[in-house]
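Please read the structure below before turning to the comments.
In the text below, chain A, chain B and the rest are named by the order of the sequence lines, each starting its count at 1. If you're wondering where the values come from, they're calculated on a predicted model, not measured in any experiment.
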Amino acid sequence: MHAPTDPTVHTHEATGSAIVTRFAPSPTGFLHIGGARTALFNWLFARKAGGKYLLRIEDTDRERSTQPAVDAILAGLAWLGLEADGPPTFQFTRAARHQEAATSLVASGGAYHCYLSKEEESALKEEARAKGLAFRSPWRDPDYGTPPTGASYVTRLRAPSDNTIIEVMDKVQGRVVTAGREIDDFILLRSDHTPTYMLAVVVDDHDMGVTHIIRGDDHLTNAARQSVLIKAFGWPVPVYAHIPLIHGDDGKKLSKRHGALGVDEYRRMGYLPEAMRAYLLRLGWSKGDLDIVSTDEALALFDLEGLGRSPARLDFVKMGSVNAHFIRLADDTRLMELLREQASQSGIDLSAIPDVILKAALPYLKPRAQTLPDLLDQLQFILAKRPITLDEKASKALSSEAIERIRRLRGELSLLIVWQHDEIKGSLDRFAGEENIGIGKIGPAVRAALTGGLAAPDLAVTMQLLGKQETLGRLDDII
RNA sequence: GGCCCCUUCGUCUAUCGGUUAGGACGCCUGAUUUUCAAUCAGGAAAGACGGGUUCGACUCCCGUAGGGGCUGCCA
C-alpha cells in the first residue's frame, strides 16, 4: 500500500494524475442533506473528469459508530444514485496500517510519545489557552526525561515551530495561512493505540490515492493540521475545496427542525432522486444563470470554480418546484411504480385503479403536482366510492335546473359507443350547443356530480378515466 | 478567550472596477378558466454598516456588527 512518492511534487494538482475523490461520512447517524450534497459534489467532480469517486466509512469512533447508520448511509447514497467506484473502505479495518504509519513518524521525528497524565494535560492546555497558544506537550522535547516505566502514553504530532507559516490552498476559500503556533500537538494514536480521525484520514486519503478533497468547511482549520501531518509523511497534499455548510431557513445551523433529515425522509416525502440532485447541486454551486441543471448536464459542467463561499439555506418551497419540474419529465411507467410504492407506504389502497387507467391519468396529473403525495391526492376522485360525497361548494352547484340538464346530458353520453376523450369532448360540446349554453353553465355541476368537489382534470378526461359505467352511475346518483 | 471562514432581492444565485445590478423560486396584479392547478402577460423586491484606495466600487483594503467553524484520547 505504500505508493512511491516524488518529493518534488507537492500537490496532486501539479501531478496531473487521474482524479480521485471520496466521500467519508462517519456512521453516527443517517445521511443528512449536507452529507448528500458533499457526496454529490465529489461524485460529479470525479465522474466528469473520468476519475474515481470512493466511499470511506469513518468508523474509528467505536462508541458512536453503528451498523444501522452504515446501512442508512449506503441506502441513502444508493437512492440518490451516487454509486462509488468500488466497495466502501471501513476505516477501522485499517487500524494496523494507521499504527504502522504513526510508528514510522515517531521514528522519523515527526511524532512522539507523550506520557502526560490527564490532569497534567488539562492544566497545560488551560495554560496554553490563557496565553493564546496551541497546546504543546513537554514530551515533544527528546531530552524532557525518561518515560515512567509502564505508564501509558499517546502518540502526538510534533507540531511545527511557532513562526512557521502553514499555507493551505483551497479552491473555495482561497489561500488560508495559519501560524505554526496555532497548530497543537494533536493526538495520532490514543493511549489504547487506536488511531484518531486526524491520523486515519491522512493515511487513508494517501493510500486510497485521493487527489481532491471536497468536504464541509467545518474541516477548514483541520486542513492546516492535516497538511502538517501529510508533509511530515512526505506525501503530496491533495487539492482542497471546503464548501460552506447548509443552514436552516433562519440562517442558523441546520437542525432537525430545519430539514436536517435523513435522505430517506425526503424519499418518503415524495421527492425524486434526480430532483434532489438538481436542488442540492444549486445549493452552493452555480454556473451563470443556469437554474435547474439535470444530472447529465452537471456531469458535463460541474467545476470547483462554481462553488460558492457563503452558506446556503435550505428552502423547501424551491425544492418543491424543482421536484415538480422532474415529475413532469418523469417516465409514466416509472412514476406509476413509484406511486404504488408511495401509496402502500402511506396506507392508501390503489388497487381499485388498474395500471392502464393510472398510467393514462398521469400526463394530466403531473403538471399540477410537486410531490408523489400530491399525485396521490389527485387520484382521490377516481377512488371515491358511489354515492359520491359532495362538499358544500359541490352541492351548491347542483341546482334543480342543473340536475335537469345533467339528466339530459346523461342521455347523450349513454349513446356514446367509443368512450374516449375526443368523443366525450365532442358529446359535451354538442350538448352545450343544443342547450344553447356555454360549457361554463353546466360544467361545474357535472364536475360536482362526478367528483363531489375533489380536484380532477378536464371533464372529458375525468370521464374517460372514470369509465363510462362509473361516469353514468355517478350522474345517476344525483339525478 | 485565541485563530479561521462567511455577508447581493424573502430564498438560491449572476456580476470577477464602469450594468437601468441579471436569472430562478416565492410573492403581487391581470388574462385564461368546468374544480384544484397549470399556463401566459406584467409588477414589487438586493449589494449588513462605517471608513478608506480609485476618475470610478457590490467588486480591492481596514474596521464594526451579525452568522458559522476549529480550539476533544469526536469526526
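Closest to the A:E121 side chain, of the nucleotides B:C70, B:C73, B:U13, is B:C73. Distance from the side chain of A:L220 is smallest to B:C5 among B:C5, B:G22, B:G10. Out of B:A14, B:C12, B:G1, the shortest distance to the side chain of A:R129 is found at B:G1. In this structure, the nucleotide among B:C25, B:C4, B:C70 sitting nearest to the side chain of A:V176 is B:C4. The side chain of A:H247 lies closest to B:G67, out of B:G67, B:C73, B:C5. Set against B:G23, B:C73, B:A75, the side chain of A:R64 has B:A75 as its closest nucleotide. Among the nucleotides B:C25, B:G23, B:C70, the one closest to the side chain of A:R282 is B:G23.
Within 4.0 Å of A:H242, counting heavy atoms only, lies no atom of the nucleic acid at all. Across all strands shown, A:R225 has heavy atoms under 4.0 Å from sugar-phosphate atoms exclusively, and none from any base. Counting non-hydrogen atoms under 4.0 angstrom, A:T28 reaches nothing in the nucleic acid.
Checking B:A48 for Watson-Crick or G-U wobble geometry (two distances, each under 3.5 Å) identifies B:U64 as its partner. Figure legend. B:U53 is base-paired to no nucleotide; pairs are counted as Watson-Crick or G-U wobble with both atom distances under 3.5 Å. Remark: B:C40 base-pairs with B:G30. Criterion, Watson-Crick or G-U wobble with two distances under 3.5 Å. For B:C25, the paired nucleotide is B:G10, the pair qualifying as Watson-Crick or G-U wobble because both relevant distances are below 3.5 Å.
Between A:H32 and A:Y266, the distance from one ring center to the other does not fall under 6.0 angstrom. Less than 6.0 angstrom separates the ring centroid of A:F302 from the ring centroid of A:W285. Proximity of the aromatic rings of A:Y197 and A:H98 is defined here by a centroid distance below 6.0 angstrom, and this criterion is not met.
OP1 or OP2 of B:C73 has at least one side-chain nitrogen or oxygen of A:K125 nearer than 4.0 Å. Side-chain N/O atoms of A:T221 include none lying less than 4.0 angstrom from OP1 or OP2 on B:C3.
Using cut-offs of 30° and 60° for the angle between ring planes, the A:H113 and A:Y115 rings count as perpendicular.
A salt bridge is defined here as a Lys NZ or Arg NE, NH1 or NH2 lying under 4.0 Å from an Asp or Glu carboxylate O, and A:R410 with A:D476 meets this definition.
The base of B:A75 does not come close enough to the side chain of A:D218 for any donor and acceptor atom to sit less than 3.5 Å apart.
Atom P of nucleotide B:G22 and atom CG of A:L290 are separated by 18 Å, given to the nearest angstrom. Rounded to an integer number of Å, the gap from CG of A:D184 to P of B:C70 is 14 Å. At whole-Å resolution of the value, CZ in A:R313 and C1' in B:U8 are 13 Å apart.
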Practice item. Can you check each nucleotide of nucleotides 29-47 of chain B against protein heavy atoms at under 4.0 Å and return B for base, S for sugar-phosphate only, - for none, in 5' to 3' order? Key: -----BBBSSS--------
Point to revise | Evaluation steps, ring pair (Phe, Tyr, Trp, His ring centres under 6.0 Å), between A:H212 and A:F45 | key: CA-CA 9 Å; A:H212 291 68; A:F45 186 68; 5.0 Å; yes
Review point. Going through the checks in order, is the ring pair (Phe, Tyr, Trp, His ring centres under 6.0 Å) test met by A:Y144 and A:W139?
Key: CA-CA 6 Å; A:Y144 180 65; A:W139 289 95; 4.8 Å; yes
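Shown here are the side chain to side chain contact (heavy atoms under 4.5 Å, CB included) partners of A:I357, two or more places apart in sequence or in another chain: A:I353, A:P354, A:I382, A:L465.
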